[in-house]
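Remember, it's 1-based here, ligands and their atoms both numbered in the order they're listed.
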Amino acid sequence: MCGIVGYIGTQVATEILLAGLERLEYRGYDSAGIATVSEGKIHCVRAKGKLYNLREKLEREVNHAQIGIGHTRWATHGKPEEYNAHPHLDCGMRVAVVQNGIIENYRELRDELKSKGCEFRSETDTEVIPNLIAQFLPEKPIPELQDSNAFLEAVQKTVNRLEGAFALAIAAAEYPDELIVVRQQAPLAIGFGQGEFFCASDITALVPHTRAVLSLENGELARLTPLGVEVYDFTGTRLKKMPRTLSWSPTLVEKHGFRHFMLKEIYEQPAVVRNCLEAYVNQAWHAQENCELSPINLGLSPKLSENLAQIQILACGTSWHASLVGKYLLEQLAGIPTQVEYASEFRYAPTPITPNTLTIGVTQSGETADTLAALEMEKQRRSQLQPEFQARLLGMTNRPESTLASIVDEIIDTKAGIEIGVAATKTFVTQLIGFYCLALDLADRRGTLSASRIEEILIGLRHLPQHIENVLEQQERVIEDLAHDFAETQDFIFIGRGINFPIALEGALKLKEISYIHAEGYPAGEMKHGPIALLDAKVPVVAIAMPGGVYEKVVSNAQEAKARDARLIGVTPVNDLEAAETFNDLLPVPEVEELLSPILAVVPLQLLAYHIAARRGLDVDQPRNLAKSVTVE
Ligand code: F6R
């Protein structure tokens with residue numbers, strides 16, 4: 001939530017900052033701003049709304065400054081107005097700050113600063129920070145006598161007064177050769193160039209400039225100068241840190257001819273599913289031979305699954321939906337009782353502590369504040385207990401370099417590549433693959449499935465990328481046409497049962513978040529217990545009817561909806577005659593074993609949501625009020 005960037009070097013800062021913000025705009029787009037330093041002054045330009053408003057303002061001026069900071073905002077404290085946009089300056093205009101996070105004790109700090117004469121111009125929590133720093137700076141430094149550590153020390157004193165989770169980039173009028181950045185429970189990475197240095201909330205903004213990257217850890221701050229980077233902890237002790245080299249290619253963050261990132265990411269799904277399977281399925285394993293080998297290699301240590309009695313999964317949003325499919329797989333394949341909790345609820349009403357429990361945090365970004373805090377809490381509350389009650393924490397994420405990695409013991413990397421569209425698509429299907437692999441791994445270790453059954457499932461999984469390709473090739477046009485009919489629709493219902501109930505939830509979430517159409521996902525059998533009262537000719541019902549244990553039931557539930565005049569859309573196999581008679585419209589998918597069907601069923605639902613939103617002329621990749629990385633509680 002919120003994206004911050006910074007630059008110090010020999011190039012004109014404005015263009016670099018804007019390009020960085022463009023890559024971070026997925027994190028929030030309520031307002032944007034940059035501040036640069038030249039001739040002993042801070043120059044700050046801000047604009048409400050999307051980045052192009054700021055770009056337009058900046059086009060009207062000439063600015064050769066070679067140091068600056070920038071921000072794209074997802075509003076927390078204060079309305080999305082220009083006066084609340086970052087950067088924020090102290091009342092003496094000496095210090096400029098951009099922040100991603102929340103300062104919990106800002107009220108008390110603001111009162112204190114006000115009593116000392118500071119005037120505040122915004123409603124934000126951030127504005128206390130430049131004012132505090134300015135208080136700690138020497139009054140008016142004389143250049144020759146200037147204490148070289150004064151700015152650094154002022155920031156250090158300030159961060160020790162802040163409570164909350166925050167990442168900061170700070171510039172000061174009187175210190176034109178220094179940029180200071182801080183990380184405390186909100187992401188921040190530094191990019192190393194030749195005589196120039198960058199910082200950003202996310203490495204996607206750094207890869208066009210450099211692959212040498214250092215991700216700061218919590219409680220660290222760094223001074224960037226044209227000569228190098230010095231890292232310190234909050235007590236002022238210098239730390240020895242080296243950048244690592246990323247294997248990322250800058251082209252990962254291009255649209256490659258697609259109209260939107262979301263569509264491109266939907267089309268990347270066959271490849272990322274293939275990648276993930278290649279990484280985690282042991283190609284040399286066969287049911288009849290190789291008894292020494294494991295079918296799955298997630299690289300997890302045996303102690304994670306020793307005497308395992310229970311699993312609890314903590315997640316939010318789409319990751320929570322993937323976890324519901326995960327629960328089904330872990331229970332049905334590995335026989336382990338599994339609970340799935342919304343991380344935001346778990347934090348305040350945790351389940352009773354049980355022994356030999358594996359806790360899995362699922363978060364594609366690895367930065368979702370609720371999920372991280374729930375995991376921290378779990379770690380904390382178990383830390384003083386007997387060994388069998390100790391926390392065993394596993395993370396599942398698409399960003400193994402994220403904060404999640406510093407909390408959990410082990411990680412499953414879902415390897416989907418960077419996802420820019422705010423609506424999760426390819427990262428969802430790779431989370432599902434992560435759960436198939438985990439469930440099969442545990443099933444193998446616990447002996448709950450025969451080798452031949454494991455092999456059968458693996459063969460089915462290996463066919464999925466080809467099936468997804470078929471859906472994309474054959475159905476996209478059909479779905480695009482169908483979407484035209486629903487451009488004005490106000491309500492949608494999605495129904496599914498068993499392993500496809502979470503897919504009904506996910507289909508509804510995709511539609512609401514990008515098309516702003518009200519949509520609900522229900523277990524098909526629950527419709528008659530209330531929601532069926534909503535149905536009439538104006539409310540289409542999308543039923544996920546995949547052959548298997550609950551197929552007939554779903555079709556009957558769909559018939560019940562049709563009898564109430566609802567237009568029925570079936571996500572169902574291509575050649576199903578019964579389905580062809582039942583449904584008004586079909587979103588056909590290849591027929592696969594029911595256990596594997598969620599990965600196919602979700603694809604037409606993603607396309608349906610995409611095309612309805614695109615038809616309505618909406619900003620598919622950056623839907624209103626949302627942000628890709630939700631780093632506030
Ligand atoms: C929906 C979506 C959100 C996220 C949720 C959790 O398309 O993207 O619902 O799934 O904010 O995010 P992560 O997985 O990063 O923890």
Side-chain angles (χ1 to χ4, degrees), residues 1-3 26-28 74 100 165 185-187 201-202 204 260-263 265-266 269 313-326 340-347 360-376 395-405 407-408 411-414 416-432 434-435 494 502-503 505-517 519 521 602-603 605-610 613 618-633:
M1 231 108 198
C2 297
Y26 71 87
R27 299 176 70 88
W74 188 86
N100 167 32
Q185 286 170 11
S201 302
D202 186 338
T204 48
H260 293 102
F261 279 110
M262 181 181 174
L263 191 59
E265 287 154 4
I266 290 173
Q269 294 181 118
I313 310 179
L314 308 174
C316 300
T318 287
S319 295
W320 188 78
H321 297 157
S323 305
L324 291 179
V325 177
V340 181
E341 308 286 342
Y342 282 120
S344 53
E345 292 294 320
F346 182 85
R347 294 180 63 186
I360 310 178
V362 182
T363 159
Q364 87 76 23
S365 62
E367 299 294 350
T368 297
D370 283 317
T371 308
L372 300 187
L375 289 166
E376 288 275 19
M396 188 185 291
T397 183
N398 196 40
R399 305 296 294 270
E401 76 288 356
S402 63
T403 310
L404 176 74
I407 300 172
V408 297
I411 285 268
I412 297 176
D413 174 359
T414 56
I418 178 78
E419 187 174 69
I420 303 284
V422 163
T425 52
K426 63 173 179 169
T427 54
F428 174 71
V429 298
T430 53
Q431 285 173 345
L432 296 189
F435 275 119
F494 290 73
I503 302 304
L505 294 176
E506 178 60 8
L509 179 61
K510 288 293 89 102
L511 188 66
K512 333 186 215 219
E513 66 185 335
I514 61 169
S515 74
Y516 317 147
I517 293 174
V602 77
V603 177
L605 301 185
Q606 295 166 339
L607 286 171
L608 184 70
Y610 171 79
L618 298 172
D619 190 342
V620 173
D621 286 333
Q622 294 176 349
R624 71 183 179 203
N625 307 338
L626 296 180
K628 185 85 186 151
S629 181
V630 186
T631 55
V632 293
E633 292 171 26

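- When only modelled atom types and interatomic distance are considered, Q364 and T414 share no side-chain donor-acceptor pair under 3.5 Å.
- Within the 4.0 Å heavy-atom shell around ligand 1 one does not find T425.
- Under 4.0 Å from ligand 1, the heavy atoms of V422 that appear belong solely to its backbone.
- Within ligand 1, counting atoms from 1 as listed, the ones closer than 4.0 Å to a heavy atom of A423 are 7 (O).
- With hydrogens and angles left out, the side-chain atoms of T427 and E419 include a donor and acceptor closer than 3.5 Å.
- When each atom of ligand 1 is checked for a heavy atom of K510 under 4.0 Å away, the hits are 1 (C), 7 (O).
- Ligand-side atoms of ligand 1 in range of S319: 10 (O), 13 (P), 14 (O), range being under 4.0 angstrom from any heavy atom.
- Using the six-membered ring where Trp is involved, Y342 and W320 have ring planes that are parallel, under 30° apart on the 30 and 60° scheme.
- Atoms of ligand 1 found under 4.0 Å from any heavy atom of E513 (numbered from 1 in listed order, with element): 1 (C), 2 (C), 7 (O).
- For S365, a nitrogen or oxygen atom sits less than 3.5 Å from a nitrogen or oxygen atom of ligand 1, counting backbone and side chain alike.
- Taking OH from Y516 and CZ from R624, the interatomic distance works out to 5.5 Å, rounded to the nearest 0.5 Å.
- Residue R27 holds its CZ atom at 8.0 Å from OG1 of T204, rounded to the nearest 0.5 Å.
- Heavy-atom proximity to A424, at under 4.0 Å, picks out these atoms of ligand 1: 7 (O), 8 (O).
- Between the side chains of E367 and T403, a donor-acceptor pair is found at a separation under 3.5 Å.
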